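Here's the structure we're looking at; comments come further down.
None of these values were measured; they are calculated from a predicted model.
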Amino acid sequence: MQKIQICAALALLQVASAILNTGLFPFVADISPISRELSTFCGAGFSVLAALAAYYRPSWLRERAISGVLLGLLAASLVLLCAGVQTSDPLLIALGSPFGGIGMVWFSILVGVSLANLKWEEALCLIPLAFVIAYGIQMVLSAWGALSPVVAATGYFAAIAAAYLLVIPNIDNLLRAIRAHESPIVLDATNPSSFLPFSSLVFITIFLFNAACGFEALLSGGALPPFEAWLSYLPVALLLIMALSRKDGLVTANNLKTASGLLMLAGLLALPMMLFPTGPLGFASHATAVLLRGGSDCFAVLTFFLVATIGARNPLGSLTTSASAMAASWVGIGCGAAAMGLLQAISQENPGALIFANGIITFAFVAYIFVALQHFSFDRAIAGVVPVKPIDALRNSTAAQTAEPQPHRASSGAQSLAESAEAAVPEEETSAFNRACAQVAEQFLLTARELDVLELLARGRTSPVIQERLVVSHNTVKSHVRHIYAKLGVHSQQELIDVIDRARNTSGK
């Protein structure tokens with residue numbers, strides 16, 4: 001039942017996006033062309049704020065309160081949009097535009113978190129299946145005919161609300177655990193392999209590939225003729241068939257990246273054909289939109305697959321991963337739409353300039369794939385994510401942590417409690433622990449300061465306590481931890497504790 005709910009929620013998100021782009025935004029763009037971009041960039045800005053909050057202050061993201069407020073604002077904004085379309089009032093449309101994108105971002109983040117409940121094999125099949133289900137619903141809506149603004153707005157809201165109701169039972173406990181635990185910025189210092197940084201090529205690639213999505217959306221106006229729309233569905237449909245075939249190594253994150261990259265590259269190369277809507281090349285006037293949409297949908301599948309697999313490996317980081325991926329996606333869409341708008345303006349005055357600008361964009365896209373991604377592997381990036389173990393588990397893994405309370409904040413109170421706990425440990429136990437740390441430090445050529453950090457890490461200390469104990473900054477702690485882990489060949493605090501435990505056992509304590 002859980003898997004069905006997650007798949008249905010993801011499908012509803014895709015349907016909502018299609019309804020917004022094909023059923024509502026065309027009316028909006030006729031009256032207030034800037035409002036579509038306003039919605040996109042407000043969504044992008046909110047996604048960035050959500051990603052930062054998820055990393056620095058997840059306790060601020062009170063899901064029930066935020067979801068309730070955004071559902072109310074979304075309903076109000078859709079009423080304003082419909083009223084603006086009915087009265088041809090650009091002011092009402094401008095007032096209603098921002099929350100369409102913001103609502104979509106927030107509920108996409110929640111659906112992304114729910115994907116962490118799926119196993120690798122399940123995510124590989126259920127995510128493309130959700131897209132294919134959404135395609136089927138879109139075909140039915142297309143056969144029904146053009147939607148009125150009121151019907152489109154109602155359908156959009158209903159799809160978003162239904163997606164939320166489907167996923168919330170599956171993520172409520174996980175979100176509570178994320179809020180109650182240390183923030184990712186704290187955990188990241190002592191478990192650097194558990195969280196992808198914002199500068200990761202994973203998020204940079206999501207940004208650049210989604211720029212093509214924004215490129216295509218503005219190019220086609222959100223809608224394609226029925227036959228061309230069906231052609232754009234084929235890549236993900238074929239992907240689902242291959243995933244269901246269960247052939248090992250056929251569908252991987254790297255192969256998905258390659259397939260979507262080739263489709264997008266073909267779409268960029270076909271862009272000059274849009275200059276010839278009639279004549280012998282008229283049949284290919286929609287080629288760019290078809291190829292870019294097919295490629296961007298394939299990459300959307302890859303994005304959700306990355307969110308699912310990385311979230312499954314480290315559930316405590318699932319909110320950060322989902323929010324960061326949505327931020328990269330929406331900022332990319334906004335930038336792509338802005339670039340396409342500029343190219344369309346150029347083409348009206350000078351078609352040759354459009355071809356030249358498109359050549360530069362295409363070259364930059366190819367250069368990124370062949371240079372930046374030459375030695376990068378999405379599959380290795382997924383496999384390299386190490387789960388964060390609860391602080392209690394870290395403490396219990398070594399006898400030196402007997403009866404120590406969990407430090408939630410960098411404060412003198414937390415430090416004094418930790419010191420009191422250490423004082424209660426038998427002296428011979430402490431001596432054995434210190435000898436093991438010194439032995440490891442000598443074996444792996446740690447500096448004196450790195451030995452200080454090593455001892456605190458091996459006791460299960462978090463970054464705030466290490467900062468206060470050694471009177472150093474958060475970035476200094478991260479730097480020392482990276483050096484220690486590199487020298488010891490470990491990737492997490494738990495692995496480091498295991499090294500110290502082995503050293504104690506070897507020396508007979």
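Side chain of Ser17 to main chain of Leu13: no donor-acceptor pair is present (N/O by atom type, distance under 3.5 Å, no hydrogens or angles). At least one donor-acceptor pair under 3.5 Å links the side chain of Asn210 to the backbone N or O of Ile206. When atom types are taken as modelled, the side chain of Ser193 and the backbone of Val385 share no donor-acceptor pair closer than 3.5 angstrom. Judged by distance alone, with hydrogens and angles left aside, the side-chain atoms of Tyr156 form a donor-acceptor pair with the main-chain N or O of Gly100 at under 3.5 Å. Checking side-chain atoms of Ser194 against main-chain N and O of Val386 turns up a donor-acceptor pair under 3.5 Å. Here the side chain of Asp297 pairs no donor or acceptor atom with the backbone of Gly294 at under 3.5 angstrom. Looking at Ser322, its side chain never comes within 3.5 Å of a backbone N or O of Ser318 through a donor-acceptor pair. Judged purely by atom type and a 3.5 angstrom limit, Ser142 has no side-chain atom pairing as donor or acceptor with the backbone of Gln138. Looking at Ser183, its side chain never comes within 3.5 Å of a backbone N or O of Pro58 through a donor-acceptor pair. A donor-acceptor pair under 3.5 Å is formed between the side chain of Ser77 and the backbone N or O of Leu74.
With Val113 as the partner, the side chain to side chain contact (heavy atoms under 4.5 Å, CB included) test is satisfied by one option alone out of Leu174, Thr320, Val307, Thr321: Leu174.
Taking every heavy atom of both residues into account, Val105 and Ser47 meet most closely at CG1-CB, 3.5 Å. Of all heavy-atom pairs between Ser35 and Val28, the closest is CB-CG1, 3.7 Å. What you find for Ile66 and Trp106 is that their closest heavy atoms are CG2-CE2, 3.5 Å. The two atoms that bring Arg380 and His375 nearest to each other are NH2-O, 2.9 Å, heavy atoms only.
Atom NZ of Lys478 is surrounded by more than 12 heavy atoms from other residues, nucleotides or ligands within 6.0 Å.
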message = Go through it in stages, so that I can follow the logic: the residues are Asn191 and Gln494, the test is side chain to side chain contact (heavy atoms under 4.5 Å, CB included), and I'd like the CA-CA distance, side-chain angles, deciding distance and then a yes or no.
response = CA-CA 9 Å; Asn191 296 274; Gln494 180 59 60; 6.0 Å; no

- Could you walk me through whether Thr205 and Tyr368 pass the side chain to side chain donor-acceptor pair (under 3.5 Å) check? CA-CA 9 Å; Thr205 305; Tyr368 177 77; 2.7 Å; yes

Original post:
Between Ile369 and Val366, does a side chain to side chain contact (heavy atoms under 4.5 Å, CB included) hold up when you go through it step by step?
Top reply: CA-CA 5 Å; Ile369 292 175; Val366 173; 5.8 Å; no

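Remark: Asp172 engages Arg176 in a salt bridge, criterion side-chain N to carboxylate O under 4.0 Å.
Using the six-membered ring where Trp is involved, Tyr55 and Phe195 have ring planes that are perpendicular, over 60° apart on the 30 and 60° scheme.
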